[in-house]
Amino acid sequence: MAVQITIIGLEKIGESVGLALAEHTDQLYRVGYDKDVRLMREVQKRGAIDKSFLNLHAAVEKADIILLATSVEESYETIEIIAQDLQPESVLVDISSARAAIAERAKKLLPSECHFVSVTPAFNPSHLDLEQIGVEEAHADLFHN
């Protein structure tokens with residue numbers, strides 16, 4: 001059975017993660033969620049996710065891994081919203097810059113059987129000169145090298 005990864009926030013980072021994982025769809029099922037429904041549909045058409053949900057609860061309820069690719073403020077809010085929807089042993093991965101604050105919030109709100117990881121993505125050097133942060137700058141190789 002494929003591992004479900006739910007990507008919350010489908011701009012540059014979220015879409016790039018989905019694109020990077022596209023070659024592993026035999027092992028992963030990529031679900032996406034974003035408040036911007038138009039963006040969600042575009043990202044799905046570009047092949048970065050296999051399915052999208054309009055409801056955040058539905059997007060995470062069967063997820064094994066949940067990636068928060070949102071702003072710090074949205075990460076706070078999202079953790080509170082999804083905490084009770086997570087499966088036992090699921091892993092919540094946050095990429096925001098407020099590691100300590102987000103980790104403390106996750107510790108308070110997540111069920112004890114869930115796991116939390118905070119990471120800093122490292123960009124491929126060939127993409128470091130990109131000034132745009134929107135979905136037009138999403139690349140499958142954004143994290144290579």
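Sequence positions, counted from 1, serve as the residue numbers for this chain.
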Under 3.5 Å donor-acceptor pairs involving side-chain atoms of residues 103-116, not counting sequence neighbours:
| residue | atom | partner | partner atom | Å |
| --- | --- | --- | --- | --- |
| Arg105 | NE | Tyr76 | O | 3.1 |
| Arg105 | NH2 | Glu80 | OE1 | 2.4 |
| His115 | NE2 | Glu89 | OE1 | 2.9 |

Treating Ile, Leu, Val, Met, Phe, Trp and Tyr as nodes and any side-chain heavy-atom pair under 4.5 angstrom as an edge, say whether Val17 and Phe53 lie in one connected cluster.
no
Cluster link Val3 to Val31, ILVMFWY, side chain under 4.5 Å
no
Write out all pairs satisfying salt bridge (charged side-chain N to carboxylate O under 4.0 Å, His left out) with one or both partners inside residues 24-34, taking only residues at least two apart or from two chains.
Arg30-Asp50
Closest contact, heavy atoms only, Gly9 versus Thr70:
CA-CG2, 4.0 Å
Between the side chain of Glu15 and the main-chain N/O of Val43, is any donor-acceptor distance below 3.5 Å?
no
When rounded to the nearest 0.5 angstrom, what distance separates OG in Ser118 from CG in Asp94?
5.0 Å
With a 4.5 Å cut-off on side-chain heavy-atom distances among I, L, V, M, F, W and Y, is there a chain of contacts connecting Leu56 to Tyr29?
no
Let's go through Met40 and Leu54 carefully: what are the C-alpha distance in whole Å and the side-chain angles of both, what is the deciding distance for side chain to side chain contact (heavy atoms under 4.5 Å, CB included) to 0.1 Å, and is it a yes or a no?
CA-CA 9 Å; Met40 217 170 20; Leu54 298 175; 3.6 Å; yes
Looking only at side-chain N and O atoms, does Glu74 offer a donor or acceptor that is under 3.5 Å from a partner on Ser71?
yes
Which value, rounded to the nearest 0.5 Å, describes the distance between Ile65 atom CD1 and Leu92 atom CG?
11.0 Å
From Ile79 atom CD1 to Ile8 atom CD1, the distance as rounded to the nearest 0.5 Å:
9.5 Å
Are Val91 and Asp64 packed together at the side-chain level, in the sense that at least one heavy-atom pair is separated by less than 4.5 angstrom?
no
Any side-chain heavy atom of Ile95 within less than 4.5 Å of one from Leu67?
yes
So which atom in Gly47 and which in Ala22 form the shortest heavy-atom distance, rounded to 0.1 Å?
O-CB, 4.2 Å
Checking Gln44 now: which residues fulfil side chain to side chain contact (heavy atoms under 4.5 Å, CB included) with it, not counting sequence neighbours?
Ile49, Ser52
Just jot down the side chain to side chain contact (heavy atoms under 4.5 Å, CB included) partners of Ala63, sequence neighbours excluded, or say none.
Gln4, Thr6, Ile66
Can you tell me how far CZ of Arg38 sits from CZ of Arg41, rounded to the nearest 0.5 angstrom?
10.5 Å
Report the residues that fulfil side-chain hydrogen bond (donor to acceptor under 3.5 Å, both in side chains) with Asp85, sequence neighbours left out, ordered by chain and then residue number.
His57
Within the side chain of Ser16, is there an N or O that forms a donor-acceptor pair under 3.5 Å with the backbone of Lys12?
yes
